[in-house]
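Beneath this line is the structure, given in structure tokens, with notes to follow.
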There are 2 protein chains.
Amino acid sequence: MTPPKLLDKAALKERELLIINSAVHLIQQNGIENLTMDKVVTQVPFSKGTVYKHFIGKEDLLLAISNYSLELLGNLFYRAYQFKGCARSRMLLLNFSYLIYAMLYPALFQTVLCAKSPNVVGKSSERHINENERLEIKLMTSIHGIVEDGLNDNNLSLPMNMDIQQLCFSNWSMAYGVITLLSGEVDQCSGRTSLIVERELFNLSNMLYDGMGWKPMTKDKSHCAELKIALAELFPEELALISAKGRELNFNSFS
Amino acid sequence: MTPPKLLDKAALKERELLIINSAVHLIQQNGIENLTMDKVVTQVPFSKGTVYKHFIGKEDLLLAISNYSLELLGNLFYRAYQFKGCARSRMLLLNFSYLIYAMLYPALFQTVLCAKSPNVVGKSSERHINENERLEIKLMTSIHGIVEDGLNDNNLSLPMNMDIQQLCFSNWSMAYGVITLLSGEVDQCSGRTSLIVERELFNLSNMLYDGMGWKPMTKDKSHCAELKIALAELFPEELALISAKGRELNFNSFS
DNA sequence: AACGTCAGTGACGATTCGTCACGTTTCATG
DNA sequence: CATGAAACGTGACGAATCGTCACTGACGTT
């Protein structure tokens with residue numbers, strides 16, 4: 001009945017990861033647009049045909065890398081969600097975990113964006129597309145959870161005419177905008193001088209939460225010291241890696 | 001002394017525009033990643049060598065398209081800046097002019113983003129890079145102007161530890177995030193159901209301005225009706241074009 | 001009329017993508 | 001253990017694309 005299985009699933013998965021890792025290295029070195037399948041093949045102990053057995057095309061490989069990257073981000077978000085502390089602080093923490101991710105893995109951050117382009121999705125396999133959706137839902141779950149905690153402890157109430165989903169999206173798109181424009185690969189825009197990504201993310205997050213009426217308000221509590229402590233406790237390895245890259249999250253320029 | 005000039009600058013400029021327009025059409029039809037220099041050449045009454053005289057490579061052409069597009073956006077922004085009305089309303093109006101632009105010219109909107117990638121800038125000519133910076137400064141000027149008007153009439157005061165530039169950037173990155181994630185080409189993200197770009201942009205802008213303490217606050221004034229009128233007055237042709245595309249800015253879902 | 005300069009041309013080499021025909025390995029079965 | 005079918009793996013190949021370069025012709029200068 002069962003057709004002969006020459007390779008078990010674990011081995012397949014392992015090879016897939018090997019190919020993905022090789023591709024990530026190439027992207028980090030040469031940039032995402034200089035990634036070629038030929039280069040991937042030379043970095044890997046398989047031939048081109050085998051690589052194409054795993055990924056139906058270059059775009060499919062990109063989507064797989066994006067998924068690998070979303071998995072990483074999902075874990076960071078989940079850690080922020082689980083942290084002790086009030087909901088507003090944890091949401092701020094979650095935004096900063098997003099920033100840490102973008103600083104640590106700029107190539108991955110960039111790939112996730114690229115993989116959202118319709119021509120990548122259009123050329124990808126069902127399998128990877130479905131996994132992508134699953135991972136995104138997982139991300140959203142952490143954000144949703146924090147907002148719901150805020151609603152439950154009465155520090156937050158839904159603004160008129162808005163539901164939970166809209167509130168979650170507001171926070172995400174805001175953080176996305178700041179991080180995309182100020183961190184990493186995008187050439188910074190003019191009038192950029194003296195903009196510091198961690199400071200702008202902090203300020204913008206707090207202005208937004210104040211605008212929502214999410215307590216404790218900025219005027220009643222300085223969130224900065226607490227954030228600094230929470231980051232050190234929750235993401236020690238990540239912060240050390242950022243230091244090793246010669247960059248440092250700077251909290252001294254705003255009290 | 002003067003070397004023989006067989007072609008005047010106006011003709012050169014005109015040809016450049018012709019090439020750019022042909023490329024824009026191709027992008028609208030086939031997507032930006034399917035744009036090839038060969039296709040551009042076939043659309044144009046010149047040969048490949050001539051096209052490469054104007055643009056040192058594919059990336060340089062992309063940057064030129066981005067500049068063309070920034071010029072358009074700059075005009076929309078300037079119209080919003082010049083509008084009569086309080087500063088906060090005009091800032092909201094400016095964000096919506098950004099949205100109109102993204103809906104009307106999704107291909108151009110996308111190209112501006114792509115052209116910010118370092119490998120595009122890295123392969124482009126000095127001339128186009130400089131023009132790009134000039135155009136971005138022009139954009140910023142309109143935003144700056146509105147914020148300064150708000151400060152001058154005492155409806156807005158700078159939040160602690162923030163300067164004008166940071167305030168401008170906050171507004172821009174917020175609008176950028178919402179529009180990028182919800183309008184146009186990016187495949188919408190999971191948990192997207194029932195998110196309407198104009199509504200989220202309206203809500204998020206107002207929450208941010210409320211968080212800044214930018215008067216008149218939402219609780220004292222409903223900005224929706226005024227926005228609707230101002231848009232109809234300031235961007236009639238653009239709104240008609242959006243209608244012609246079968247899309248409509250919907251203000252009924254939020255009062 | 002001879003010459004120099006420059007716009008314009010398109011064939012060409014170099015790269016890259018993805019496929020396919022063929023050889024090799026594995027395993028169920030007799 | 002022998003056999004054959006199915007899965008696995010290979011790398012040469014065709015098509016598409018990028019960017020260059022040697023060439024042509026038009027025009028002004030000497």
Side-chain angles (χ1 to χ4, degrees), chain A residues 1-16 18-19 22-23 26-27 29-65 114-115 117 119-125 128, chain B residues 1-19 22-23 26-27 29-65 114-115 117 119-120 122-125 128:
Chain A
M1 275 308 253
T2 49
K5 289 218 169 182
L6 307 176
L7 264 163
D8 56 57
K9 286 191 177 177
L12 285 177
K13 199 77 185 172
E14 196 176 339
R15 271 201 312 199
E16 207 162 298
L18 183 60
I19 297 173
S22 302
L26 286 171
I27 292 177
Q29 284 174 2
N30 308 351
I32 194 166
E33 55 289 310
N34 292 90
L35 181 75
T36 73
M37 294 301 263
D38 284 355
K39 285 181 197 160
V40 172
V41 168
T42 63
Q43 297 285 312
V44 138
F46 318 113
S47 82
K48 191 178 276 194
T50 304
V51 171
Y52 273 90
K53 278 262 161 63
H54 286 268
F55 307 99
I56 64 177
K58 192 185 183 183
E59 287 75 17
D60 197 38
L61 174 58
L62 281 181
L63 189 58
I65 296 174
C114 288
S117 132
N119 99 305
V120 170
V121 178
K123 293 179 183 172
S124 295
S125 62
H128 287 134
Chain B
M1 273 308 251
T2 50
K5 288 219 170 184
L6 307 177
L7 262 161
D8 57 73
K9 286 191 177 179
L12 286 177
K13 198 79 186 171
E14 196 175 337
R15 271 200 312 199
E16 207 161 299
L17 259 179
L18 183 59
I19 298 174
S22 302
L26 286 172
I27 292 178
Q29 285 174 2
N30 307 347
I32 193 166
E33 56 288 312
N34 293 90
L35 182 74
T36 71
M37 294 302 263
D38 284 357
K39 285 181 196 157
V40 172
V41 168
T42 63
Q43 297 285 312
V44 138
F46 320 111
S47 80
K48 189 179 280 193
T50 304
V51 172
Y52 273 90
K53 279 264 160 62
H54 286 268
F55 307 99
I56 63 176
K58 193 185 183 183
E59 287 76 15
D60 197 37
L61 174 59
L62 281 181
L63 189 59
I65 296 174
C114 288
S117 132
N119 101 303
V120 170
K123 293 180 182 172
S124 296
S125 62
H128 287 135

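So that the names make sense, note that chain A is the first sequence line, chain B the second, and so on, each numbered from 1. Source: prediction; values computed, not measured.
The minimum heavy-atom distance between A:Ala23 and A:Leu61, with the atom names listed, is CB-CD2, 4.2 Å. Across A:Ile65 and A:Ile27, no two heavy atoms sit closer than the pair CD1-CD1, 4.0 Å. Closest approach of B:Leu35 and B:Val40 over heavy atoms only: CD1-CG2, 3.9 Å. Contact record, B:His54 with B:His128: O-CE1, 4.2 Å, taken as the closest heavy-atom pair. Counting all heavy atoms, side chain and backbone alike, A:Ala64 lies closest to A:Phe55 at CB-CE2, 3.6 Å.
Between B:Leu62 atom CG and D:dC18 atom C1' the separation is 13 Å, expressed in whole Å. Going from atom CD of B:Glu16 over to atom C1' of C:dA7 covers 15 Å, rounded to whole Å. In this structure, CG of A:Leu35 is placed 11 Å from P of C:dG18, rounded to the nearest angstrom. Rounded to a whole Å, the NZ atom of A:Lys53 is 6 Å from the C1' atom of D:dC8. A:Leu12 places its CG atom 11 Å from the C1' atom of D:dA7, with the value rounded to the nearest Å. For the pair A:Asp60 CG and C:dC17 C1', the computed distance is 14 Å after rounding to whole Å. Per the geometry, NZ belonging to A:Lys58 stands 17 Å off P belonging to D:dA16, to the nearest Å. One interatomic measurement links the two molecules: CD of A:Glu33 to P of C:dT16, which rounds to 13 Å at whole-angstrom precision.
Rounded to 10 degrees, the angle separating the terminal helix axes of the helix from C:dA1-D:dT30 to C:dG30-D:dC1, each built from five base pairs, is 20°.
With a 4.5 Å cut-off on side-chain heavy atoms, B:Val120 and B:Asp60 do not count as touching. Side-chain contact between B:Gln43 and B:Ile19 is absent, with no heavy atoms from C-beta onward closer than 4.5 Å.
The side chain of A:Lys48 lies closest to C:dG18 when the candidates are C:dG18, D:dG19, D:dG9. Side-chain proximity of A:Phe46 to the nucleotides D:dT10, C:dT9, D:dG19 is greatest for D:dT10. Closest contact between the side chain of B:Tyr52 and the listed nucleotides D:dG19, C:dT16, D:dG9 involves D:dG19.
Considering only side-chain N and O atoms, A:Arg15 lies under 4.0 angstrom from the phosphate OP1 or OP2 of D:dG9. At the phosphate of C:dT9, OP1 or OP2 sits under 4.0 Å from a side-chain N or O atom of B:Thr50.
Along DNA chain C, the nucleotide nearest A:Ile56 and the nucleotide nearest A:Asn34 are compared for position; the residue whose nucleotide lies closer to the 5' end is A:Asn34.
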